[in-house]
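Taking it in order: structure first as structure tokens, then the write-up.
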Amino acid sequence: MSTVISPGKPGKRTAATAQAASPARLRKAGRRQQMLACVTLLAPFTALLIAVFLVPVGYAIGLSLFGEDHKGLGFGGGTTVFTGLRSYLAVLDDPSFLSGFGVIALYVVIFVPVVVAGALALALFLDSGLVRLRRTAQMLLYLPHAVPGIIAAVIWLYLYTPGLSPVIKLLGQADVTVDFLGMHTVLPSIVNIALWSGLGYNMVIFYAALQALPREVIEAARIDGAGGLRTALMVKVPIIKGSVVMVCMFALIGALQLFTEPMLMNQATPMVNSRFTPNMYIYDAAFRRNNYGLASAASVILLIVTCALSYAVTRWTGRRERSAR
């Protein structure tokens with residue numbers, strides 16, 4: 001007995017299968033478009049990351065594993081030999097490199113709280129509405145950041161130098177003697193130069209975060225009887241805590257890169273030697289002692305310390321936020 005198959009059934013089955021498969025095809029096409037958009041948007045950043053960060057870091061690591069070997073009395077050119085971790089051990093055994101981190105630690109203790117508190121106070125003051133010419137005040141406060149750091153350092157060095165500084169002359173007429181380049185004042189003098197450009201820049205970050213606050217929250221605090229100061233400290237600051245943490249982390253990273261200000265002061269005072277900070281140690285090893293392996297090893301160590309501190313700050317703030325919830 002033969003079985004007869006209706007010719008219309010396969011056509012119906014094919015149409016049903018096509019209808020069921022069309023949503024899956026649309027989802028796949030949507031995923032491809034999303035993937036293409038992600039690749040297109042991330043390609044410039046990835047290219048810059050590889051070109052200006054990963055390649056230099058890889059080159060520094062490779063350079064730190066080699067050194068120049070001079071035979072005999074040292075005359076003539078040397079030969080490049082593999083030294084392994086010898087440069088890293090030499091850097092870590094050098095007291096001048098470790099003392100540079102001590103200087104950075106003192107600098108961070110002074111600079112970070114002052115720049116964060118000062119910038120936050122200025123931003124809160126501008127956001128309070130007490131300033132009439134708000135745009136002009138913002139421009140004047142941000143203007144020092146537009147001045148190149150080396151020019152600002154030269155200007156302040158002129159104001160710090162005895163015999164040239166009008167500030168020291170005015171203080172001398174009032175029988176006040178201040179040595180801005182002395183043993184106990186040179187580091188605060190460097191902090192002052194960094195504050196000159198850091199306050200306005202960080203103030204803009206805080207002010208932008210304050211402008212994004214919901215106005216109904218501020219109005220609710222005022223209706224509850226909170227004054228301007230209490231509203232700023234108890235309402236505004238906790239809401240922009242993420243911006244405060246970001247500024248602290250950026251200030252910490254910037255402190256580890258301290259170079260321009262002490263490098264110029266090295267020419268004016270013996271209190272700042274050629275290895276005053278880790279970056280100055282790297283510069284001295286590379287361009288004065290011509291030891292590129294040692295300079296590369298010090299650079300890699302500084303990079304590791306910077307990444308470790310940034311990760312520690314991020315984890316600590318993340319735990320604080322989770323515990324607060």
Side-chain angles (χ1 to χ4, degrees), residues 34 37-38 41-42 45 105-147 149 152 188 190-257 306-325:
Q34 291 179 357
C38 291
L41 293 174
L42 290 176
F45 171 77
L106 292 176
Y107 176 83
V108 167
V109 169
I110 302 173
F111 173 73
V112 174
V114 174
V115 72
V116 173
L120 185 58
L122 290 173
L124 290 171
F125 182 66
L126 291 176
D127 187 65
S128 65
L130 299 176
V131 181
R132 292 184 179 180
L133 301 176
R134 190 177 303 175
R135 299 290 184 184
T136 305
Q138 291 177 21
M139 183 189 68
L140 293 177
L141 289 171
Y142 185 78
L143 189 60
H145 181 73
V147 178
I190 295 174
V191 170
N192 179 63
I193 300 175
L195 288 174
W196 171 255
S197 61
L199 277 176
Y201 176 77
N202 293 311
M203 179 273 299
V204 171
I205 296 176
F206 287 140
Y207 183 75
L210 290 172
Q211 290 299 298
L213 293 181
R215 294 294 106 181
E216 57 270 16
V217 176
I218 309 300
E219 294 297 331
R222 292 174 180 172
I223 293 174
D224 290 340
L229 181 61
R230 188 175 180 181
T231 301
L233 298 180
M234 304 300 294
V235 178
K236 294 181 179 180
V237 174
I239 296 178
I240 65 169
K241 184 170 59 176
S243 298
V244 175
V245 173
M246 181 186 67
V247 169
C248 289
M249 187 166 62
F250 285 171
L252 177 62
I253 295 174
L256 290 171
Q257 299 174 358
T306 303
C307 294
L309 288 177
S310 302
Y311 177 76
V313 171
T314 304
R315 287 295 301 270
W316 179 71
T317 54
R319 290 179 180 177
R320 290 286 300 271
E321 290 180 358
R322 287 193 294 269
S323 61
R325 293 174 185 174

Heavy-atom pair of closest approach, residues [X] and [Y]:
X      : Y      : answer
Ser310 : Met249 : O-SD, 3.8 Å
Ala221 : Val235 : CB-CG2, 3.9 Å
Phe206 : Ala119 : CD1-C, 3.7 Å
Val147 : Ala152 : CG1-N, 4.1 Å
Tyr107 : Ile190 : CE1-CG2, 4.0 Å
Gly118 : Leu199 : C-CD2, 3.7 Å

Which distance, rounded to the nearest 0.5 Å, do you find between the [atom1] of [X] and the [atom2] of [Y]?
X      : Y      : atom1 : atom2 : result
Leu120 : Ile205 : CG    : CD1   : 12.0 Å
Leu122 : Asp127 : CG    : CG    : 12.5 Å
Arg230 : Lys236 : CZ    : NZ    : 15.0 Å
Met246 : Thr314 : CE    : OG1   : 12.0 Å
Thr231 : Glu219 : OG1   : CD    : 9.5 Å
Leu143 : Trp196 : CG    : CH2   : 8.0 Å

Q) Of Leu141, Val204, Leu210, which meets side-chain contact (heavy atoms from CB on, under 4.5 Å) against Leu126? A)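 In the set Leu141, Val204, Leu210, the residue that makes a side-chain contact (heavy atoms from CB on, under 4.5 Å) with Leu126 is Leu141.
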
Q) Applying the side-chain contact (heavy atoms from CB on, under 4.5 Å) test to Val191, which of Ile110, Leu106, Val109 qualifies? A)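 Going through Ile110, Leu106, Val109 one by one, the side-chain contact (heavy atoms from CB on, under 4.5 Å) with Val191 is satisfied by Ile110 alone.
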
Q. Does Val115 reach the side chain of Val247, with side-chain heavy atoms less than 4.5 Å apart?
A.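 No. Closest side-chain heavy atoms not under 4.5 Å.
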
Q. Taking side chain as C-beta onward, heavy atoms only, is Thr306 less than 4.5 Å from Leu252?
A. no

(Q) Tell me whether the rings of Tyr142 and His145 are parallel (<30°), tilted (30 to 60°) or perpendicular (>60°). (A) tilted

Q) Would you find a donor on one side and an acceptor on the other, under 3.5 Å apart, between the side chain of Asn202 and the backbone of Gly198? A) yes

Q: Begin from the C-alpha positions of Thr136 and Leu140 and carry the test side chain to side chain contact (heavy atoms under 4.5 Å, CB included) through to its verdict.
A: CA-CA 6 Å; Thr136 305; Leu140 293 177; 4.1 Å; yes

